[in-house]
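Counting begins at 1 with the first residue of the sequence. Every value quoted in this text rests on a predicted model; they were computed, and no experiment measured them.
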Amino acid sequence: MDSKDDNDGLRCLVTGATGYIGGRLVPELLEAGHRVRCLARTPEKLRDYPWAAEAEVAKGDVTDAESVGAAMRDVDVAYYLVHALAAGPGFERTDREAARIFGEQAKAAGVRRIVYLGGLTPADVPEHELSPHLRSRAEVGNILLDSGVPTTALRAAVIIGSGSASFEMLRYLTERLPVMVTPSWVSTRIQPIAVRDVLRYLVGSARMPSEVNRTFDIGGPDVMTYRDMMQKYAAVAGLPHRLILPVPMLSPGLSSHWVGLVTPVPASIARPLAESLRYEVVCHEHDIADHVPDGPGRPFSFDTALSLALQRVREARVSTRWSSASTPGIPSDPLPTDPDWAGGSLYTDVRELDVDAPSDALWRVVEGIGGDHGWYSFPLAWAVRGWLDRLVGGVGLRRGRRDAQRLRVGDSLDFWRVEEIEPGRLLRLRAEMRLPGLAWLEMYAEEGKDGRSRYRQRAIFHPSGLLGHAYWLGVSPFHALVFGGMARNIAQAAVRGTAGGRR
């Protein structure tokens, strides 16, 4: 970033740009006239975002001091929007080290302000008694506040917006269960906030005066219980009144598995959310308005936040989802080279078919796969595989799609993630279900002769240990049914689509 006059837009570094909040913050900063650099472990995940051409991307990781230092050069404001949510028993240590590195590198680079989004904590509970998730978020805020760089640490409770984990949890619980036995935390008071207000406060925090170095509680105007939130959702969504029966014996661990079975949010993410809901999380001040004034009707009411989120969902205009960020504990290694890869064994299942449809019709079917469209092959087998994955703590099939028609690199797609997409030609998915190894699925739409096309499909598995080899051998007999049927049905769907378009 080049030097500039102070009256121009600020130079902002955004971490967590592939996540739910970060992916929405970048365009807001750009619209406000700021220049944006994103720090990303995998820059390719950002290339298909609508704002990608307007932002600079630096490759790096918040746990790597050298890459953080390089990304901080010429930066005025650094946004810290990452955390190691439920990434195993060492996530608090990882969060602590990453925050320390970020603060040190920001100070060394002369950054004017750090802006952090953390969790709202109860005033009457000592930090050491908080859940590990809330405790870590509070500790990260304290580390940044003590870094020597003026810091704005925003603290929010439940964030309501299309695609947020909290909204998806509320939505699916309410829509799927007209009568529900619930954990006792449904009676805890909460102060939710609309994602649009969170973004407004984040953008406005960039221009706080240098003497401000403190936390700010941010929330909407409504304080309610989770039971109230579910009943409000039912009313706004036009559903009948829900019968909710709280019981005390559902611990956060048990209730997180219950949430994981009913909603698309896996237990690994539902648990810290459920643990947070055990405490009353209500704002004790609204001093943020002294620096980021609230206009008429702001912050949004809970009903308005719900209505806006539901409208986005119904119009299929969800820009980011909770699943935009990589899920803790899932594989992230890139695809090895072809079967002669020197790193070890690779198993493949290859299917090729000539299709009586043009390649663009075939590509529409390929890009529309998953979610409500399904996987074009033996639905019961896919459903059982999804349930088995949920039972062992995986993401299962219910994450669905961000957009019903279009995919971009980094999108979650049921229990896959889009690793590569070449529009009109290639879709490569990386498996995020629990497996004894790494797996990919590639689908190609290629030009054929005389207006026809060729469909090529390749499933790839890199086994981990003896169990991985045994797994592949065990499922191989079903490949003709699953993968063979998939190839045939995708080809037939392309032909039907072409015939329908000619009518």
Side-chain angles (χ1 to χ4, degrees), residues 18 42 44-45 48 163 168 260 264-266 268-269 318 320-336 346-351 363-379 381-390 392-423 425-445 455-464 468 471-472 475 478-479 482-483 485-487 489-490:
T18 59
T42 311
E44 294 78 14
K45 288 184 179 180
D48 295 329
E168 293 287 283
V265 182
S268 61
I269 291 176
V318 181
T320 63
R321 296 181 71 222
W322 61 270
S323 55
S324 299
S326 296
T327 303
I330 54 85
S332 58
D333 290 9
L335 177 69
L346 281 181
Y347 292 111
T348 62
D349 180 279
V350 179
R351 310 277 167 170
W363 176 252
R364 282 195 295 272
V365 178
V366 169
E367 192 176 11
I369 200 165
D372 292 340
H373 292 158
W375 291 88
Y376 295 95
S377 170
F378 197 20
W382 286 92
V384 169
R385 186 64 185 86
W387 275 104
L388 290 174
D389 195 53
R390 303 285 290 197
V392 295
V395 295
L397 277 176
R398 280 187 308 222
R399 290 191 303 185
R401 298 171 54 110
R402 177 190 57 83
D403 184 293
Q405 303 298 327
R406 298 288 178 263
L407 292 173
R408 65 190 183 200
V409 170
D411 271 0
S412 61
L413 182 58
D414 293 328
F415 49 36
W416 304 87
R417 189 171 296 274
V418 179
E419 183 171 275
E420 182 58 84
I421 185 167
E422 296 177 18
R425 178 179 176 271
L426 164 68
L427 174 63
R428 179 185 298 139
L429 307 176
R430 188 184 71 244
E432 292 191 342
M433 72 282 277
R434 297 296 177 94
L435 289 169
L438 304 175
W440 294 265
L441 179 61
E442 292 180 332
M443 289 168 276
Y444 293 84
Y455 175 68
R456 187 155 57 90
Q457 174 182 295
R458 185 167 73 140
I460 307 157
F461 184 65
H462 173 218
S464 176
Y471 171 82
W472 180 266
V475 299
F478 303 99
H479 284 176
V482 176
F483 291 129
M486 177 187 233
N489 291 334
I490 285 175

Item to complete: Please name the pair of heavy atoms, one in L407 and one in I421, separated by the smallest distance, quoted to 0.1 Å.
Response: O-CD1, 3.8 Å
Discussion item. Would you compute the distance between atom CD of Q457 and atom CG of L441 and round it to the nearest 0.5 angstrom?
Written reply: 5.5 Å
Worksheet, complete the sentence: d(R408 CZ, K45 NZ) to nearest 0.5 Å is 12.5 Å
Discussion item. If I compare all heavy atoms of P436 with all of F461, which pair ends up nearest, and what's the gap?
Written reply: O-CZ, 3.5 Å
Worksheet item: So, is the end of the R351 side chain (NZ or CZ) under 6.0 Å from the ring centre of F483 and within 45° of the ring's axis?
Response: no
Practice prompt. Look at the aromatic rings of W472 and Y347 and report parallel, tilted or perpendicular, splitting at 30° and 60°.
Written response: parallel
Worksheet item: If you measure from CG on D349 to CE on M486, what distance do you get to the nearest 0.5 Å?
Response: 11.0 Å
Worksheet item: Parallel, tilted or perpendicular: which describes the rings of W375 and W416, with under 30° parallel and over 60° perpendicular?
Response: tilted
Worksheet item: So do the side chains of M433 and D414 get within less than 4.5 Å of each other, counting heavy atoms only?
Response: no
Practice prompt. Could you tell me whether the side chain of V365 reaches within less than 4.5 Å of the side chain of Y376, counting heavy atoms only?
Written response: yes
Worksheet item: Can you name the closest pair of heavy atoms from D411 and R406 and give their distance?
Response: OD2-O, 4.2 Å
Discussion item. Testing the basics here: between L427 and I369, what is the closest heavy-atom pair and its distance to 0.1 Å?
Written reply: CD2-CG2, 4.3 Å
Practice prompt. Given side chain to side chain contact (heavy atoms under 4.5 Å, CB included), test D372 with R401 step by step and report yes or no.
Written response: CA-CA 8 Å; D372 292 340; R401 298 171 54 110; over 6 Å; no
Practice prompt. State the CD-CG distance between E367 and D403, to the nearest 0.5 angstrom.
Written response: 8.5 Å
Worksheet item: At their closest point, which heavy atom of E44 faces which heavy atom of V409, and how far apart are they?
Response: O-CG1, 3.4 Å
Worksheet entry | Short N-O contact, R417 and E419, less than 4.0 angstrom | no
Item to complete: Give a yes or no on whether the backbone of E442 and the side-chain of R456 come within a donor-acceptor separation of less than 3.5 Å.
Response: no
Practice prompt. Drop me the distance from R458's CZ to W440's CH2, to the nearest 0.5 angstrom.
Written response: 10.0 Å
